[in-house]
Each structure stands twice: as C-alpha cells, then as structure tokens.
Amino acid sequence: MKTVYIKPENCIGCKHCEVACAVEHSETKNLYSAISEEPLPISKIHVMPTFGIMAYPGKCMHCDPTPCIQVCPSGAISRDKETDTILINEEKCIGCGMCAIVCPFSAVLFNPSWRVSVDRDVAHKCDNCFERITNDLIPACVEACKTGALGYGDINEIIREERRAVGKTAAQLAAAIPVEEKIPELLKVWRDLALSMSQVGEKK
Amino acid sequence: MRYVIIGSGGAGVSAVEAIREYDQESEIIMISNEDVPPYSACLLLYYLFDENKRDAVFWKGKDFYDRMNVTPILGNKVNKIEPENKKILVGDESIDYDKLLISAGGSVDLPSIKGIGKNGIFTFKTLSDTDNIYKWLKTQNVGNAIVLGGGLIGLDAAEGLIKHNVNVTVVEALNRVLPRMLDREMGNLVKDILKNNGVEVKVETKITEILGDERVQSTKLSDNTVLDTDMIIIATGVTPNLDIAKNSGIKTNSGIIVNEYLKTNITDVYAAGDIVESVDVITGKQGPMLLWSNALIQGAIAGYNMVGKKIKYSGTSNQTLLKVFDTPIISDGAFEGEEIRVFKDNIHKKMYLKDSTIGGYMLINTMQNAGVYHSLMISKRDISKYKNFILKNKFNVGMIEIEAAMLQEIF
Ligand SMILES: Cc1cc2nc3c(=O)[nH]c(=O)nc-3n(C[C@H](O)[C@H](O)[C@H](O)COP(=O)(O)OP(=O)(O)OC[C@H]3O[C@@H](n4cnc5c(N)ncnc54)[C@H](O)[C@@H]3O)c2cc1C
Ligand code: SF4
Ligand code: SF4
C-alpha cells in the first residue's frame with residue numbers, strides 16, 4: 001500500500017504543500033484562477049506550529065480501522081480498496097461533524113465544496129490526491145515539498161528504510177564512528193538561524 | 001449457515017456489512033417491524049427540515065437488501081426467541097437460525113400523564129414517526145407545539161418544528177437542557193442559543209395534564225401555566241426493547257448483558273446497539289449507550305464474531321455531538337476533578353483532569369481538537385505538559401506527533 005508519509009524533522013513550515021493542495025482540489029486547478037473561485041478552495045493538509053520552531057504538516061492518515069467510517073451516519077465515507085484511500089462523498093455528507101470529533105488527527109475541516117454547493121458546509125480531508133494517484137502521478141503536496149518532509153511510497157518500504165537508518169546510526173555510535181547527519185546541512189543552517197531569531201527579545 | 005438479525009437500525013446494518021466482508025455465501029435474514037429499507041436515525045432531522053429529503057435517510061441506499069444479498073422480513077415483529085430450538089417466532093411463522101443478533105434498539109416510553117392518549121401526541125424516534133408528524137403539520141393548523149424532554153432528540157425535534165414556523169416550547173424536568181451531556185453552566189449557554197433562535201425553554205417543569213377533547217388543545221404545566229398546544233412531541237428518553245430477550249431466558253439488566261465478544265449468556269446469540277448494557281470506559285457507568293457511533297461499532301464487532309473472528313469490544317466513552325442551530329455542542333467523559341476552562345468569543349471550552357489525564361470535556365461552538373482530546377482521553381495519556389494551553393487555539397495535534405517522534409528518537 002502506498003501512502004503519503006511525514007518526516008516532521010524536515011518540515012520548515014513553508015506551507016508550499018498547503019498551496020499545492022488547495023490548488024489541486026480547486027475547480028480550475030490553476031493557482032491564478034483558484035484564488036478567485038467561490039467557494040475559495042482550502043487545503044486538506046495543515047502545517048501547524050508546534051514547540052519552538054518545529055512545524056508539523058498534519059493530514060488524514062487513512063487509518064485502519066477507521067474511526068470516521070465507523071461513525072458517519074450518512075454512509076458518506078468509504079475506503080477505496082485498490083489504493084487504501086479513505087474518501088468522503090461530498091454529495092452524501094450532511095456536515096454533521098461526527099467524523100471530525102472521532103478523528104485522532106483532527107484531520108477533518110468544514111467548508112463548502114464546488115462539487116456540491118456554495119452555501120452548505122461539507123467535510124474536507126486529504127484524499128491522497130485520488131485523481132492523481134490513479135493516473136500515476138504523486139500527490140500534489142509531495143510534489144511541492146522541497147525538503148523531503150513529505151514523501152510518497154510503499155508503507156513497508158518506508159518502515160524498512162527507517163529501520164535500516166536507525167540500525168546504522170546505532171551501529172556507528174557503538175563503534176564510535178562519526179554519525180552522518182540525518183538532517184540536510186542547509187536545513188540545519190536554517191534551523192539555527194530561525195532558533196536564534198525566535199529567541200530575540202526573550203528574557204534570559 | 002443462516003444468520004438472523006433482529007432490527008435494521010445502525011447496529012444491524014453494520015453487522016451485515018461485517019458478515020459479508022468474510023462470508024458472501026451464507027443466508028442472512030433481517031427482520032424489522034418497520035416496512036422500509038434501513039435508515040439512519042440521525043438523518044431524521046434533515047427529513048424533518050425538508051420533506052423532499054426523505055430519501056436521504058436511507059443511508060445505505062434503498063437497494064441495501066439486494067446489494068448485500070439479505071432476505072428481509074419487514075413489517076413484522078419478532079415475538080419470541082426459543083434458544084433451546086434455535087428458533088425465533090415472527091408472527092405465526094418460526095424461523096431457524098444458526099447465529100442470531102439481537103439489535104432491536106429501544107423505544108420511547110410514553111410517561112403516564114393525564115390525557116396522553118389524545119390525538120396530536122407524537123414521538124420522534126422512527127421514520128414513520130416523522131411521516132406522522134408531517135401528516136399532522138399538513139392537516140392541522142399547527143401554531144404551537146410542546147416538546148417534552150430537553151435531551152438530544154428533544155432539541156432535534158424543536159429545531160425541526162421551528163423550520164415549519166411553529167412556536168416551540170421545550171419542557172424539561174431537570175435544571176438544564178441536555179442533562180446527559182452538559183453541566184448546568186453549559187446547559188444554560190445552550191438554552192440561550194435556543195432562545196435566540198425562537199425556542200422557548202422551561203426547565204424544572206413538567207406537564208401535569210394534557211387538555212382537549214379528542215385532539216390536544218392545551219397543556220397544563222407544573223408551574224401552573226396553561227399553554228395553547230396543537231401538538232406535543234414526547235422525547236423523554238429511550239429505553240431498550242427488552243421484552244423479547246426477557247421472555248427467552250437471555251440475561252438483562254438495564255440492557256442485554258453481553259461479554260467482550262458481544263455474546264449473550266446463550267450460545268450463538270449476540271446483541272449490539274442501543275439494546276445492550278455497555279460500560280463507559282471513562283466513567284465506569286453501566287447502562288445502554290444510546291449512541292449512533294456505539295451502535296455501529298458494536299454491530300460490526302458482533303458481525304465479525306458471528307463469522308468466527310475473535311474480536312473484542314474494548315468499550316468507548318459517551319462522546320456525543322449535537323448541532324443546535326448549527327452550533328456544535330460536544331461532550332465526552334465525566335465532569336469531576338480539576339477544571340480548566342477557556343470562555344472566549346462565544347466559544348466555550350471546559351475540561352476536567354484526573355491524575356494528569358483527561359477525564360472529560362465539553363465544547364460549545366467549536367469542534368477544534370475534539371478528536372485529539374477524545375483519543376488522549378481514551379488512551380489515558382499524561383497531558384500535564386500541555387495543561388496550560390490544551391484548550392487554547394494554539395494547541396494542535398502536531399505537538400503530540402512531534403512529541404511522539406521525539407520519544408522514538410528520530411531527532
Ligand atoms: C431523532 C434522533 C436523533 C439522533 N441523533 C443522534 C446523534 O446526533 N448522535 C448519536 O450518537 N445518536 C443519535 N441518535 C441515537 C441513535 O440513532 C441510536 O443510538 C441508534 O440508532 C441505535 O441503533 P440500533 O441499531 O441499536 O437501534 P435502532 O436504530 O433503534 O434500530 C432497532 C430496529 O429494530 C426494530 N425492532 C425493534 N423491536 C423489534 C422486534 N421485536 N422485531 C423486529 N424488529 C424490531 C426497530 O423497528 C428498529 O428498526 C438519535 C436518535 C434519534 C431518534
Ligand atoms: S479522517 Fe481521521 S479518522 Fe478518518 S481516516 Fe483520516 S485520520 Fe483516520
Ligand atoms: S460530516 Fe459528513 S462525512 Fe463526516 S460524519 Fe457527518 S455526514 Fe459523515
């Protein structure tokens with residue numbers, strides 16, 4: 001199963017993914033015309049400030065078992081078996097909010113949808129860019145992310161790679177070999193800069 | 001193999017889907033005393049808003065029985081279960097079962113008030129109740145209505161009637177509306193929302209007598225006022241339909257007693273939904289849960305166990321969401337212990353902490369982070385680190401995720 005994965009340590013909070021997501025899910029799929037659409041397209045990925053200067057791009061994790069499917073009273077949410085994507089049928093959604101209050105990631109937001117009506121709120125969340133992935137493209141947010149905080153790939157592959165990296169680091173530590181930096185150099189520079197900026201004016 | 005399911009509510013439907021996930025061949029018989037395709041009770045309000053939306057209540061489509069290869073027996077009541085013969089009795093007919101699910105839900109008990117038998121008195125529980133309300137609204141010149149009971153169903157009914165330009169008074173015996181969901185302070189805020197939208201609310205009040213000839217004409221209240229009344233909706237609470245279980249040797253208390261696999265005391269007989277006595281994992285209280293989400297989850301788990309998967313029901317909390325004139329009201333857990341609160345810009349949040357974990361919370365006019373609070377509460381996570389800002393807007397799930405990532409020493 002392929003999925004969008006998040007590496008929070010790489011996120012610098014630039015919000016490129018948000019813009020790409022909103023454009024991809026707009027009616028015209030074009031940045032310049034999307035901003036004048038009504039309803040204004042919203043992003044389904046949300047970059048949130050967390051501790052210090054750390055940001056976290058939060059989105060639907062396409063859970064299994066799936067709390068939101070289990071509670072939707074209108075049968076609007078379903079799992080696409082091929083891609084393991086959790087999809088919301090906006091026509092069927094009544095905007096009751098039950099999915100939002102059981103979502104452990106607070107991934108569901110409410111906004112009108114151009115597919116349905118401008119004056120009715122329906123549930124919005126990440127659909128893995130269903131149109132794109134079923135046409136062999138990668139999700140828009142992943143394409144937009146320049147730091148590798150978002151990636152797209154097979155979940156088992158990702159876990160395997162992550163394990164290998166951790167294993168390697170542990171082995172190097174044990175053998176007192178200098179450890180490779182996991183975070184890209186430029187990111188480190190940016191971090192240090194942002195950290196010192198965030199401390200400006202702070203009482204010592 | 002023949003599966004028999006009593007009741008076509010949320011629990012029954014969800015059990016059918018679970019069974020069909022693993023078993024597409026065996027016979028499934030679904031029996032309901034209502035002669036319609038399965039519908040979602042939570043959508044009845046949307047039908048009450050707009051008559052053209054009636055078809056929308058059939059949340060799994062009108063073709064559910066065909067699609068799922070289910071044989072429906074509709075418009076018929078199950079009268080008795082004979083576990084020793086593995087049979088149920090429907091009317092004069094007897095039907096054999098290999099595995100049986102009782103998901104017969106609950107019904108509204110009419111209180112014993114003088115005059116309760118008059119015309120114009122309704123419940124708001126089923127699709128036919130709602131059809132009947134429409135018939136009355138159309139044929140009678142309804143100007144004034146009373147809703148007895150200020151719980152979730154009562155407030156839904158009040159909001160629905162307001163849309164039909166009826167003057168509505170909600171009469172509630174306790175000191176606040178939504179007594180199962182809110183404390184008095186939060187209940188009062190909801191009362192204000194109702195009033196601002198034209199609903200009259202009388203708390204600590206009861207109906208003492210319903211007056212009129214055949215048709216209801218006026219209502220006498222315990223505060224000695226008499227209100228002109230063209231219809232009354234009784235929403236005093238739902239009690240499980242335990243008759244069939246009781247006369248069949250199935251153990252009951254406030255609901256049917258089941259084990260963690262949702263099996264009753266009798267082999268091959270399972271139960272799920274409003275009819276079951278559940279334990280709230282946060283408050284420890286036992287009783288029927290009466291919640292849609294719980295009915296669906298229990299239905300699915302019962303279904304899986306009926307096909308032979310051993311899946312445990314781990315219990316849930318009483319998390320409830322109600323929209324009152326588009327304002328979301330959320331309640332979860334118990335309201336005791338250390339209180340933290342943020343009341344700002346018409347958004348009201350209260351949370352209770354128990355040994356550094358979330359014990360319960362209430363939110364009015366916001367859904368932000370509700371799912372995060374719920375999962376932190378259920379998993380009993382230590383949240384002392386977030387205590388000072390957990391209710392503030394800046395708190396978000398990213399913090400929890402980053403913290404989890406740090407613990408795994410990704411950094
Ligand atoms: C107006 C309204 C609004 C609601 N809003 C919410 C909400 O916002 N949030 C929430 O969490 N919950 C809400 N609920 C509660 C929720 O709908 C119930 O908890 C849920 O429907 C229970 O499902 P169930 O399958 O256990 O029972 P039910 O839905 O009651 O289904 C039981 C079925 O069994 C049938 N039956 C009963 N006895 C027999 C018999 N002897 N033989 C054959 N058939 C029988 C009944 O006719 C019925 O079809 C609401 C309920 C109502 C009425
Ligand atoms: S919306 Fe939330 S609960 Fe549903 S699949 Fe996505 S993350 Fe999971
Ligand atoms: S808001 Fe829409 S998708 Fe979510 S539970 Fe309600 S009807 Fe289902």
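Lettering of chains follows the sequences in order, A, B, ..., and the numbering in each one begins at 1. Just so it is clear, the values below take in all heavy atoms, side chains as well, and ignore hydrogens, waters and symmetry mates.
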Practice prompt. Below 4.5 Å from any heavy atom of chain A, which atoms of B:Leu321 appear? Answer side chain, backbone, both or neither.
Written response: both

Fill in: Interface moiety of A:Pro49 toward chain B, non-hydrogen atoms closer than 4.5 Å
both

Worksheet item: So, B:Asn305 versus B:Tyr261: side-chain donor-acceptor pair below 3.5 Å or not?
Response: no

Worksheet item: Which residue out of B:Lys394, B:Lys60, B:Met367 racks up the most heavy-atom pairs below 4.5 Å with chain A?
Response: B:Met367

Discussion item. Just so I understand: if I count every heavy-atom pair under 4.5 Å between each of B:Ser379, B:Gly10, B:Ala295, B:Ala370 and chain A, which residue has the most?
Written reply: B:Ala370

Worksheet item: Got B:Ser375 and B:Ile378 here, is their nearest side-chain heavy-atom distance under 4.5 Å?
Response: no

Fill in: Which of B:Ser40, B:Gly299, B:Ser14 touches chain A most, by non-hydrogen pairs under 4.5 Å
B:Ser40

Worksheet item: Is a side-chain donor-acceptor pair under 3.5 Å present for A:Thr85 with A:Arg79?
Response: no

Discussion item. Looking at chain B, which one of A:Val102, A:Val108, A:Ile101, A:Leu109 has the largest number of heavy-atom pairs inside 4.5 Å, strictly under?
Written reply: A:Ile101

Worksheet item: Which value, rounded to the nearest 0.5 Å, describes the distance between A:Cys96 atom SG and B:Lys323 atom NZ?
Response: 7.0 Å

Worksheet item: Do B:Tyr386 and B:Phe395 have ring centroids that are under 6.0 Å from one another?
Response: yes

